> 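Take this structure, written in structure tokens, and hold onto it; I'll ask about it next.
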Amino acid sequence: MVRGILLAWIVVLSIAAASVHCEYYSTSTPYEPVRQKKTHLRFFLHDTLSGEKPTAVIVARANSTPKRNDPTPFGTTFAIDDPLTEGPELTSKVIGNAQGLYLSSSQDKNLTLVMYVDLGFTTGKFKGSSLSVFSRNPVTEANRELAVVGGRGKFRMARGFIKVKTSYLNTTNGDAVLEYKVTVVHP
Ligand SMILES: *[C@@H]1O[C@H](CO)[C@@H](O)[C@H](O)[C@H]1NC(C)=O
Ligand SMILES: *[C@@H]1O[C@H](CO)[C@@H](O)[C@H](O)[C@H]1NC(C)=O
């Protein structure tokens, strides 16, 4: 009997002790940022909407009549797996891929996309690492910029921007080659 009560007390006490430690958050401690490095990257992104094996496919679109000859009417959402290459030709060395979504987001005549894209690298020093892009992309502007909001692997907690230039664009079918010049700050 006495042993039973003792045992019950031990159970009660250990549950009480455990409940102190089972909040879903830790205590906050001072964060000392490490000295950051800056890295520049330059590559080309191939966004192919046409042909047998497109790298950008429509996954959603508005239930309205699109204008003729407009491959990207407002509201159209594409899923992409676009190769990234060293040079502007698709035959040049592949260094990674851009996977994610972009949305045609502008109601006026200037095409704007909002990009929700992960740029992953498959070769070299940054193999296995990737950059998170979440940004408006005003496609009709010659010198435009995307925001890099984070990253994985060597780019964990990265911040930066990408200067984008259109290297090739077919306005009929939407196929494009884009030059990406990345500036990124990371630990
Ligand atoms: C569309 O783009 C042109 C050229 O960049 C610019 O002059 C014009 O103001 C833009 N229109 C709108 C509605 O943003
Ligand atoms: C642009 O796309 C259209 C439609 O697919 C095609 O007929 C035309 O040849 C393309 N233009 C170039 C320069 O590749």
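Remember, predicted model here, so these are calculated numbers, not experimental data. What you see below is based on every heavy atom in this structure, not just the backbone, and it leaves out hydrogens, waters and symmetry mates. Counting starts at 1 for both ligands and their atoms, in listed order.
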> May I have every N or O pair linking ligand 2 to the protein at under 3.5 Å, one per line with atom names and distance?
| unit_1 | atom_1 | unit_2 | atom_2 | d |
| --- | --- | --- | --- | --- |
| ligand 2 | 2 (O) | N170 | OD1 | 3.2 |
| ligand 2 | 2 (O) | N170 | ND2 | 2.3 |
| ligand 2 | 2 (O) | N173 | ND2 | 3.0 |
| ligand 2 | 5 (O) | N173 | ND2 | 3.1 |
| ligand 2 | 11 (N) | N170 | ND2 | 2.8 |
| ligand 2 | 14 (O) | Y168 | OH | 3.3 |

> Classify the ring geometry of F126 against F155: parallel below 30°, tilted from 30° to 60°, perpendicular beyond 60°.
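The rings of F126 and F155 lie parallel, inter-plane angle below 30°.
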
> Return the set of residues passing side-chain hydrogen bond (donor to acceptor under 3.5 Å, both in side chains) with T171 (not counting sequence neighbours), or none when no residue passes.
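Checked T171 against side-chain hydrogen bond (donor to acceptor under 3.5 Å, both in side chains); zero matches.
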
> Roughly how far apart are T55 OG1 and L49 CG, rounded to 0.5 Å?
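Spacing of OG1 (T55) from CG (L49) equals 7.0 Å.
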
> Does CZ belonging to F74 count more than 12 external heavy atoms closer than 6.0 Å?
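Atom CZ in F74 is crowded, with more than 12 foreign heavy atoms closer than 6.0 Å.
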
> Where do Y116 and Y102 land on the ring pair (Phe, Tyr, Trp, His ring centres under 6.0 Å) test, with the steps shown first?
CA-CA 6 Å; Y116 314 85; Y102 61 74; 9.7 Å; no

> If you compare all heavy atoms of A176 against all heavy atoms of L169, which two are closest, and at what distance to 0.1 Å?
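That closest heavy-atom pairing would be CB-CD1, 3.9 Å.
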
